[in-house]
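Remember, predicted model here, so these are calculated numbers, not experimental data.
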Amino acid sequence: MTTHHPLKAVTLTHVRYQRGDRLGHFLAWVSLVPVFISLGGFVSHFIFRRELQGMFFALGLLISQFISELIKTSVQQARPETCALLEMCDSHGWPSSHSQYMFFFAVYFTLLTCKGIGGIWNVRTKWAALFLYWSLAVLTMYSRVYLGYHTVAQVFAGAALGIFLGGVWFWLVNSKLFCYFPVIEESAFGRFFYVKDTSHISDVLKFEYDNARAARKGMAARKAMATKSS
């Protein structure tokens, strides 16, 4: 006789909202921002940039999510009754992982930007970027309550945890671990994956732009000399 076990969904991108609720539809997409940041942002960053600051940023988010899950397992606070209607409440609710993720991201990004690390923002775009990420953090927190996945207390607990862990991780990376960046760059791992640190460059975009133009001009000059000699 075959035993039938309850079905469990992969909820990474599975967010439900009431049919016909346009605000709920919008907030369901907002609720997926952590997924977009993780898969679209950090994976793309590693493939195309391979900056140590970005890699440690991503590592901090992973560690903070692990801490959040440990707390959830220890506290075992149930999600709100509204979550039962969504048929996706087979995990604990305190603290909210979505809120914790987004506020960790907002705090760490703010500290990076205000410290001028990475140097890719001018004054106007810097404040626009900070406004965007803090707005997304608040909207994500609101979306989890509106859609019925968390209580207000659970999302505020997640936000507080994210702010605390984001600040602590930034201090740890840029005060204690930063001195090891050159070692990582020169290690077998760093050389194989072309890992680099550009924290010391005030304007990374201009630096790369100038170097790319210089390389192109140098290549054109060599081609011109080779043509003349032939």
Hey, quick one: are [X] and [Y] part of the same hydrophobic cluster, counting side-chain heavy atoms closer than 4.5 Å, chains of contacts allowed?
X: L52; Y: F192; result: yes
X: F131; Y: Y133; result: no
X: F189; Y: L177; result: yes
X: I163; Y: L132; result: yes
X: V168; Y: V107; result: yes

Discussion item. Please determine whether the number of non-hydrogen atoms from other residues, nucleotides or ligands lying under 6.0 Å from atom CZ of F36 exceeds 12.
Written reply: yes
Worksheet entry | Of F164, F109, W169, the residue whose pairing with F104 passes side-chain contact (heavy atoms from CB on, under 4.5 Å) | W169
Donor-acceptor contacts under 3.5 Å from residues 56-64 side chains, at least two apart:
| unit_1 | atom_1 | unit_2 | atom_2 | d |
| --- | --- | --- | --- | --- |
| S64 | OG | G60 | O | 3.3 |
| S64 | OG | L61 | O | 2.7 |
| S64 | OG | Q100 | NE2 | 2.8 |

Distance check, rounded to the nearest 0.5 Å: [X] atom [atom1] versus [Y] atom [atom2]?
X: S97; Y: E69; atom1: OG; atom2: CD; result: 4.5 Å
X: R144; Y: T151; atom1: CZ; atom2: OG1; result: 12.0 Å
X: F156; Y: L161; atom1: CZ; atom2: CG; result: 14.5 Å
X: I37; Y: T140; atom1: CD1; atom2: OG1; result: 7.5 Å
X: T113; Y: L130; atom1: OG1; atom2: CG; result: 5.0 Å
X: M55; Y: E51; atom1: CE; atom2: CD; result: 10.0 Å

Would you say the side chain of [Y] lies within less than 4.5 Å of the side chain of [X], judging by non-hydrogen atoms?
X: M141; Y: S96; answer: no
X: H98; Y: S143; answer: no
X: K223; Y: M219; answer: yes
X: I71; Y: W94; answer: yes

Discussion item. Regarding K196 and E185, does a basic nitrogen lie under 4.0 Å from an acidic carboxylate oxygen?
Written reply: no
Fill in: side-chain hydrogen bond (donor to acceptor under 3.5 Å, both in side chains) involving W171 - partner list, sequence neighbours excluded
none
Discussion item. Closer than 3.5 angstrom, by distance alone: can the side chain of R50 be matched with the main-chain N or O of F46 as a donor-acceptor pair?
Written reply: yes
Discussion item. Test your reading of the model: is there a side-chain donor-acceptor pair from S31 to the backbone of A28, 3.5 Å cut-off?
Written reply: no
Worksheet item: Testing F103, F170, Y101 for ring pair (Phe, Tyr, Trp, His ring centres under 6.0 Å) with Y108, which one passes?
Response: F170
Worksheet item: Do the ring centers of F178 and F181 come within less than 6.0 Å of each other?
Response: yes
Worksheet item: Run the side chain to side chain contact (heavy atoms under 4.5 Å, CB included) check on Y146 and L23 step by step: do they pass?
Response: CA-CA 9 Å; Y146 183 91; L23 177 59; 3.7 Å; yes
Item to complete: Would you check, one step at a time, whether the test side chain to side chain contact (heavy atoms under 4.5 Å, CB included) holds for V155 with Y149?
Response: CA-CA 10 Å; V155 296; Y149 288 93; over 6 Å; no
Discussion item. How close do K72 and P95 get, counting heavy atoms only, and between which atoms?
Written reply: CE-O, 2.7 Å
